[in-house]
Amino acid sequence: MKQYHSIQIASNARVSDKAYTLSFKIPGLAKSADPGQFVHIRLSPGSNHPLLRRPFSINDIRGDKVEILYEVKGSGTELLSQISPKDTLDVIGPLGKGFDIDLRKRYHLLVAGGMGIAPMGFLGRRLKSLKLKHELLYGCRSSSELIPSDIKICSISSDDGSCGKKGLVTSLLPDKLESCQNPVVYACGPWPMLKAVARICQNKNIPCQVSLESFMACGVGACQGCVVRSSDGSYISVCDKGPVFDSRLIDWDQDCVV
Amino acid sequence: MKQYHSIQIASNARVSDKAYTLSFKIPGLAKSADPGQFVHIRLSPGSNHPLLRRPFSINDIRGDKVEILYEVKGSGTELLSQISPKDTLDVIGPLGKGFDIDLRKRYHLLVAGGMGIAPMGFLGRRLKSLKLKHELLYGCRSSSELIPSDIKICSISSDDGSCGKKGLVTSLLPDKLESCQNPVVYACGPWPMLKAVARICQNKNIPCQVSLESFMACGVGACQGCVVRSSDGSYISVCDKGPVFDSRLIDWDQDCVV
Amino acid sequence: MKKLKKIDLRVSLAGLKLKNPVIAASGTFGYGTEYTGLAEPGDFGAVITKTITLAPRPGNRPPRICETASGMLNSIGLANVGFEAFKNDKLPRLVEKKAVIIANIAGNTIEEYVELAKKINKISHIPALELNISCPNVKQGGIAFGTDPSSAAALTKAVRKVYKKTLIVKLSPNVSDIAAIARAVEKAGADALSLINTLYGMAVDIKKRRPVLGNITGGLSGPAIKPVALYNLYKAYHSVKIPLIGLGGIMDHRDALEFLITGAVAVQIGTANFVNPSAAKDILSGLAGYCRENNITKITKLTGILKC
Amino acid sequence: MKKLKKIDLRVSLAGLKLKNPVIAASGTFGYGTEYTGLAEPGDFGAVITKTITLAPRPGNRPPRICETASGMLNSIGLANVGFEAFKNDKLPRLVEKKAVIIANIAGNTIEEYVELAKKINKISHIPALELNISCPNVKQGGIAFGTDPSSAAALTKAVRKVYKKTLIVKLSPNVSDIAAIARAVEKAGADALSLINTLYGMAVDIKKRRPVLGNITGGLSGPAIKPVALYNLYKAYHSVKIPLIGLGGIMDHRDALEFLITGAVAVQIGTANFVNPSAAKDILSGLAGYCRENNITKITKLTGILKC
Ligand SMILES: Cc1cc2nc3c(=O)[nH]c(=O)nc-3n(C[C@H](O)[C@H](O)[C@H](O)COP(=O)(O)OP(=O)(O)OC[C@H]3O[C@@H](n4cnc5c(N)ncnc54)[C@H](O)[C@@H]3O)c2cc1C
Ligand SMILES: Cc1cc2nc3c(=O)[nH]c(=O)nc-3n(C[C@H](O)[C@H](O)[C@H](O)COP(=O)(O)OP(=O)(O)OC[C@H]3O[C@@H](n4cnc5c(N)ncnc54)[C@H](O)[C@@H]3O)c2cc1C
Ligand SMILES: Cc1cc2nc3c(=O)[nH]c(=O)nc-3n(C[C@H](O)[C@H](O)[C@H](O)COP(=O)(O)O)c2cc1C
Ligand SMILES: Cc1cc2nc3c(=O)[nH]c(=O)nc-3n(C[C@H](O)[C@H](O)[C@H](O)COP(=O)(O)O)c2cc1C
Ligand code: FES
Ligand code: FES
């Protein structure tokens, strides 16, 4: 990991109702990052508003450009959405432990809910380059929040039925898992969705990796601020031990942290 | 006085090395303001950075447009300099007690040091419309900081001699005062300059009004945060009892407040 | 469109009835008339006056204010016109505005507080008193009444004896154990508590190598102190039964909601008046909106609903 | 161009010699190796470890952090690996980095502090100890050691007896009279003081109507508390003679200068490490620049030059 000061923004464009992609050129970061890892961004270098960095998954790497996909949630992402190519950011990355791609698996199923699509672009591209069979199961609230993706989509669901099947993405999962051999699941999305995905996979004894969110301060494992409870009752820091975990490592009975 | 929310900026342009003029349309304010009064501006409505408003003299009124002239000093004015016509401000005004124009005086001498030029545009225009003879004595650090003015200039001085006479503007004052009849002096500028102007005028028994600066919170006389010591030893609030005072009212032996 | 339901914003502080829970904090709304054109006393549920002392006080040497990160320092030094001028010059103009007036007072000794409280007690237009107990107590060697439970209690008790209307005591956050002070003051007869006053603070001008404030140190207010204010409110709420008025860094209705939910019956707006004189109005409409969205018909239902 | 003069940045804390006055604050730089690639222990004059306790501590339930106006709340709850794992797993990796290591410790009782201090005293790689005295003293009924002068003194005295190297005591700002605590701790044998630790604070999620932190309350740090930190430093500086280490909200070299000028010999960087891991390096070059511009050849000349 490295800190990159004064990174010029290459582009910052709206891709759906509330989501934007932002890209910047950092050759060193582009070369060393793995799918599932994240960048920790200081949104207004030189000012302390907001004070803390914000973590974002790496959505894709294109050449020496790093791309993130983000949703406007609060004041920090609101500010980010207004940033223009003449502005600069301060970026730390790549951080955390990404997806652990098991080359022996025959079918790699990506399950994304809402902004959980963010790390999937990069993961899909990596699986493609490794020539591993993969598909995306993608759920969103409504078609207006659907974010275009390069990955081969096997099914889409939406809460309001405006695109794909009406309902939760997790309702599509059991059938999908039945229909394929020796699968592995990589999931990212809201806590309740991850919890459901983890339960389904654990019941079927299918390996499942989840990408978690948490409030973060340092992003490097120093402050112990971002912990979640693990299945053995101890606390593990999401920023350095994750954000991607084997789903069996997590205590799914705790309250969602964010 | 009134609070004007969401005021669209009409223009924000650089006029010298560090100074800018900013204008916005507020018909009500334009109509009711007097020279020497100020506006109290919330620089980022909706955010609390910076927290407090910043006071600026009204530099000029053109139709229903209000213009201020400001110098980048710290983080607030830095932010202001980057504001573009699509942004909005929250403006309170007109505030304070402006210059008290004595119609019986034959010669109205405006003395400005540095950014002290700010209220003079408006004062000059008012004197002109009142058909009162007036001239400007204008001192600056260097020609690069000289701000163009509509008022008839009688002399210019600069610290480095790059324009007008080398030296302080106050060195030009005694001769000027000798050469005119029944004058009144209106001064704005740094504390040491005002102190010198006040002393010269008081020695010659010439009426002198000074526009003072002070840190301000409320801007309306409620908090007592902006006081200076008056010649009778009591404290007077600059925002509502001033910012323009009869120079004899001020205790010139106190430290400069800002 | 559905007709907007009317939200009941009235609150009661130990018998003192207010039309809404947003109160102007002492020292930030002058004597109630300075903001004319920008904000009116009637915008608030009540207006608390600048701290009044027996004799007029010139206040501290300038500079008296300074901006800090999300906050401000002030060292006004209780500058005020003194009781007589307040009563004769300031009060009549405020009374005309028909707002609920709460007088805030301070003294150097218990005797001074008592004398002032007696005088305020006689003024029919003033239904409540707020004791500022955060100023140095000269007799006790410079330790403020507000930081020692037994001094705070003794002061409250003495004032309680002579003051017959609603008695509010305003607590300082510069203590280790706010609960102890709150309990002592409650037991001594306070009807309600306001918390918090400013935190001690300081700023240095590195060019001049001098304190920014003429008085060297001052009181910190504004958004920076909101977490500290909420902490103190939370602790007090779990220690006493009398109603609490929360303040410290409230800028908008979301901030106000944090205080109500934590246990405040009403809130005070201080620094926000400087930043946005229409803060009270904005907060009230924001509170009404929140109630509407959440099907809450009376604002009092929000007090202390924090789930822990 | 004139050749840049070399500025002497060395400082000494009661015999403990540091190559520069910028120290990593406890709890914000982990065990010294987590920032590898971003910041190195050697960037600092010294590195203070996360608070170590005798037994490992899991810490508080999440969420543990939350951003506030110009600050952050944390309720980590002294999560740490415990002394044994610290000594065996963490320390060796930190020692390799060749930085000055200061161990920060806490206990529930004086006995626990003493036992830990004895163990730390034996470790040759650790030349100094910082006592975190802001945790609850169970024996005294839940009152923190850091908020009562006599408890703070008793603790310091007991540790002083067994600890032979540089003993630093870290003070809490959650007190009315920091000078009394500072004097008590000095008299009890502390070599230096660090101030301040975090302020008590809280935040509420108005949607969930719950405290944001799993632990309900937490400690406030960051720029918001800088005025409070400077105030406490100023008071302590005029109360004791031992060297002071200032901290609380230092983000850049201008902040650091405020502390040095007010009376600090050295400063600690806490929250700033999260925001900008190169803060220490940036601050050091900023300090050197300031010295150069002001013809100051030794950084120690700045300490306490505040003109009041
Ligand atoms: C490893 C990781 C990867 C992430 N990847 C993405 C991504 O690719 N795209 C995306 O849109 N979002 C992502 N997030 C979430 C993103 O970090 C938050 O939405 C963002 O920080 C919100 O900032 P804000 O200032 O707009 O919101 P705020 O106004 O601060 O708060 C809104 C909400 O954002 C969350 N949040 C606030 N601060 C933090 C913080 N320091 N750390 C984590 N969460 C916080 C909280 O849930 C909070 O309630 C990721 C989070 C993590 C931990
Ligand atoms: C009545 C009045 C009229 C003024 N008119 C003008 C004008 O026409 N043009 C102009 O350029 N400047 C004017 N000023 C000064 C102007 O207000 C300050 O330069 C400005 O507030 C600096 O803000 P900042 O955030 O950039 O500086 P900061 O970084 O906050 O501080 C830089 C310096 O600005 C001054 N300052 C900061 N805050 C305040 C405050 N709330 N009130 C007063 N001074 C402050 C202090 O001297 C401070 O040292 C006027 C001031 C007053 C009181
Ligand atoms: C400029 C100023 C003057 C104040 N004067 C007084 C006062 O006279 N009496 C008092 O009890 N509190 C006084 N206060 C404290 C406020 O009433 C309030 O307790 C404090 O500012 C915290 O609230 P806030 O963050 O909303 O401002 C003053 C505060 C400020 C900023
Ligand atoms: C996440 C976090 C964890 C902390 N942990 C400790 C700790 O274990 N021991 C301690 O003495 N101080 C701890 N502190 C307090 C800091 O060392 C420091 O005193 C405080 O944060 C103020 O400095 P700052 O504003 O520069 O952060 C912690 C602070 C933070 C933000
Ligand atoms: S954010 Fe600091 S340990 Fe994870
Ligand atoms: S700024 Fe409040 S009285 Fe002048």
Side-chain angles (χ1 to χ4, degrees), chain C residues 66 68-73 143-144 146-148 172-178 199-206 208-212 216-220 222-235 249 251 253-262 290 294 302 305-308, chain D residues 66 68-73 143-144 146-148 172-178 199-206 208-212 216-220 222-235 249 251 253-262 290 294 302 305-308:
Chain C
C66 147
T68 66
S70 296
M72 67 176 283
L73 288 167
I143 299 206
T147 57
D148 171 43
S172 160
N174 301 295
V175 300
S176 309
D177 187 6
I178 195 87
L199 281 160
Y200 291 131
M202 178 174 160
V204 173
D205 182 326
I206 58 170
K208 299 183 187 158
R209 299 180 191 165
R210 281 214 316 225
V212 176
I216 306 177
T217 66
L220 184 64
I225 71 167
K226 190 181 70 171
V228 176
L230 284 166
Y231 169 86
N232 281 287
L233 177 66
Y234 173 78
K235 287 289 171 187
M251 303 302 285
H253 78 277
R254 287 179 299 271
D255 296 331
L257 282 165
E258 290 192 61
F259 284 80
L260 296 176
I261 290 170
T262 300
Y290 177 92
N294 290 276
L302 285 170
I305 59 170
L306 189 75
K307 290 171 275 190
C308 286
Chain D
C66 148
T68 66
S70 297
M72 67 176 284
L73 288 167
I143 300 205
T147 57
D148 172 41
S172 161
N174 300 294
V175 300
S176 309
D177 187 6
I178 194 87
L199 281 160
Y200 292 131
M202 177 174 160
V204 173
D205 183 325
I206 59 170
K208 300 184 187 156
R209 297 178 192 166
R210 281 214 316 226
V212 176
I216 306 177
T217 65
L220 184 64
I225 71 167
K226 191 182 70 170
V228 177
L230 284 167
Y231 170 85
N232 281 288
L233 177 67
Y234 173 79
K235 287 291 172 187
M251 303 302 284
H253 79 276
R254 287 179 299 270
D255 296 332
L257 282 166
E258 290 193 62
F259 285 80
L260 296 177
I261 290 170
T262 300
Y290 178 90
N294 289 277
L302 285 170
I305 58 170
L306 188 76
K307 289 172 275 189
C308 287

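A note on names: the letters A, B, ... follow the listed sequences, proteins ahead of strands, and every chain is numbered from 1. Excluded from the calculations below are hydrogen atoms, water molecules and symmetry mates; all remaining heavy atoms, backbone and side chain alike, are included.
Taking both residues in full, the closest heavy atoms of R210(D) and K307(C) are given as CG-O, 3.4 Å, listed atom of the first, atom of the second, then distance. Closest approach of L230(D) to A203(C), counting heavy atoms only: CD1-CA, 4.2 Å.
The part of L220(D) that comes within reach of chain C is its side chain, from C-beta onward, which places non-hydrogen atoms under 4.5 angstrom from that chain. Only the side chain of L199(D) comes within contact range of chain C, judged by heavy atoms closer than 4.5 Å. Interface remark: I305(D) contributes backbone and side-chain atoms alike to the contact with chain C (heavy atom separation under 4.5 Å). Proximity to chain C (any heavy atom under 4.5 Å) is shown, for L306(D), by both the backbone and the side chain. Proximity to chain C (any heavy atom under 4.5 Å) is restricted, for Y290(D), to the side chain, taken from C-beta onward.
Within the 3.5 Å criterion, the main-chain N or O of P211(C) finds no donor-acceptor partner in the side chain of Y234(D).
Highest contact tally toward chain C, considering only L257(D), L73(D), L260(D), V228(D), is held by V228(D) [criterion: heavy-atom pairs under 4.5 Å]. For the options S176(D), G222(D), A224(D), heavy-atom pairs under 4.5 Å to chain C are most numerous at S176(D). For the set G218(C), G201(C), P223(C), C308(C), the entry with the most heavy-atom pairs within less than 4.5 Å of chain D is G201(C). Each of I216(D), I261(D), I225(D) has some count of heavy-atom pairs under 4.5 Å with chain C, and the biggest count is that of I216(D).
Going from atom CD1 of I178(D) over to atom OH of Y200(C) covers 12.5 Å, rounded to the nearest 0.5 Å. To the nearest 0.5 Å, the span separating CD1 on I206(C) from CG on N294(D) amounts to 9.0 Å.
Annotation: R209(C), atom CZ; neighbour count of heavy atoms from other residues, nucleotides and ligands within 6.0 Å is above 12.
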